[in-house]
Amino acid sequence: MAFRASAIRANRAIVYTQTGDPSQVLSALTYKPLPAPPAKTVNLRFLLAPINPADVNVIQGVYPAKPSLTELAENHSVFIGGNEGLAEITQVGSDVSGLTTGDWVVMTKAQAGTWASSRNVGSQDVLKLPRANGLTEVHGATMTVNPPTAYNMLNDFVKLEKDEWVVQNGANSAVGQAVIQIAASRGLRTLNLVRNRPDLADLTNKLKALGGTEVLTYDDLTDRTLTSTIIKDWTAGKGIRLGLNCVSGKDTTSMARLLGEDAYMVSYGAMSKEPLSLPTSLFIFKNLTTAGFWQSRWYKRHTREDKENLMKTLVDLVAQGKLKEPEYEIHSISSRDSDEVAGEKIRDTMARISRGQYGKKVLLKFDDAQ
Ligand SMILES: NC(=O)c1ccc[n+]([C@@H]2O[C@H](COP(=O)([O-])OP(=O)(O)OC[C@H]3O[C@@H](n4cnc5c(N)ncnc54)[C@H](OP(=O)(O)O)[C@@H]3O)[C@@H](O)[C@H]2O)c1
């Protein structure tokens, strides 16, 4: 039975018992305060946790990574939403070293269930986030998925020299904005493709202010002079050697035609929900290579030290002012709301996200952690 929400500060999580449409299946569940942590574990209080596109797919049951059932309240096993988030350590088990109360940590275990006010987790399932000037809770909460994806895609496929170009679609996505900033910090140039919109000039200015070199829309890809002249001029005849695909569908086929010889096209998302189709001629005559990237696979295949180094690199970029917070909106889950009301509010937020009404990263904040 669920612990009843009341005016006292209690724990709460956003949960589901069956996969399906997040605007239907999610609910809020209040649960008891955590007991003292067992020896090799820590108790956490989540400070902020994002709602990423992949979280929606997990709840829909169409994502390869699956959460496990957790018994949050007696005889009440649920899936807790959320893969990413920033937490503060509130209590440390007797057999834990290297972590203390007050440390900021991020999750190393996939599908950890971050949409909760407090959790008890194994100390190996978290990574301490180094504190740095300018590092905010929003940075921390969004540090393990999008910036690492951008960083690794810029490093792992093509050895790019200063002033070389990268082309990407979905350039205004959180990953796309990280790509722009990390590329700019390395002296790389970016050709950024976005959907046309009434406020295109504002978006163009925003992406250029982050360090983007050029911003075009998918409609511009019909202009034949782009491949025949413009890109040749921009790249001094060298061509673009890395393309990053967040969208797929026919506009991505057109984007692939912008790539030069021996280029890589790396796919990491499929926001159009369309397949990716590429002309055979690009493989034969331009020696195109295509690949996929999944940050979860990277985490599985890399050591704890690699993960710590990656976090340190990204935090250093933040400290140097080279990696800004994504634009965000906070969805607060108030202790004054009953589980029913909090559940209605989160379902409404998920419905608005699915209608594309945000354009900003939505972050969950519980004001009732204990
Ligand atoms: N492989 C990995 O390891 C990895 C890691 C992180 C993220 N991802 C994936 O990367 C994608 C972006 O994630 P995010 O957190 O950066 O998302 P986000 O900030 O919510 O951005 C979503 C992007 O998708 C675009 N978009 C939405 N529907 C579209 C459509 N029908 N056609 C074309 N563009 C569309 C949006 O453009 P508008 O502004 O025009 O709507 C926006 O640029 C997601 O698919 C996510 O799952 C993958």
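Counting from 1, the numbers follow the sequence of the chain as shown. Counting convention: from 1, in listed order, for ligands and their atoms alike.
Below 30°, between 30° and 60°, or above 60°: for Tyr264 and Phe157 the angle between ring planes is between 30° and 60°, a tilted geometry.
Here the protein heavy atom with the shortest distance to atom 23 (C) of ligand 1 is Ser173 CB, 3.5 Å. In this structure, atom 5 (C) of ligand 1 lies nearest to the protein heavy atom Thr149 OG1, 3.1 Å. Looking only at heavy atoms of the protein, atom 6 (C) of ligand 1 is closest to Asn146 OD1, 3.2 Å. Here the protein heavy atom with the shortest distance to atom 19 (O) of ligand 1 is Ala174 N, 2.8 Å. For atom 13 (O) of ligand 1, the closest non-hydrogen atom of the protein is Pro53 CG, 3.7 Å. If you check which protein heavy atom lies closest to atom 12 (C) of ligand 1, you get Cys246 SG, 3.8 Å. Nearest to atom 33 (C) of ligand 1 among the protein's heavy atoms is Val247 CG1, 3.5 Å.
Taking Ile, Leu, Val, Met, Phe, Trp and Tyr as members and joining any whose side-chain heavy atoms lie under 4.5 Å apart, directly or through other members, the hydrophobic cluster of Ile284 also contains Phe285.
When Met271, Arg195, Gln295 are checked for heavy-atom proximity to atom 44 (C) of ligand 1, Met271 turns out nearest.
Polar contact with ligand 1: present for Lys361 (N/O pair, distance under 3.5 Å). Among the atoms of Tyr268, some N or O lies under 3.5 angstrom from an N or O of ligand 1. Residue-to-ligand polar distances place Asn172 within reach of ligand 1: an N/O pair is separated by less than 3.5 Å. Ligand 1 has no nitrogen or oxygen under 3.5 angstrom from a nitrogen or oxygen of Ser272.
Residues forming a ring-ring contact (aromatic ring centres under 6.0 Å, His included) with Trp234 (at least two apart in sequence, or on another chain): Trp165.
A salt bridge between Glu164 and Lys238 is present, with a side-chain N of the basic residue lying under 4.0 Å from a carboxylate O of the acidic one.
Between Thr190 and Ala183, the shortest heavy-atom contact is CG2-CB, 3.7 Å.
A donor-acceptor pair shorter than 3.5 Å cannot be found between the side chains of Asp367 and Ser332.
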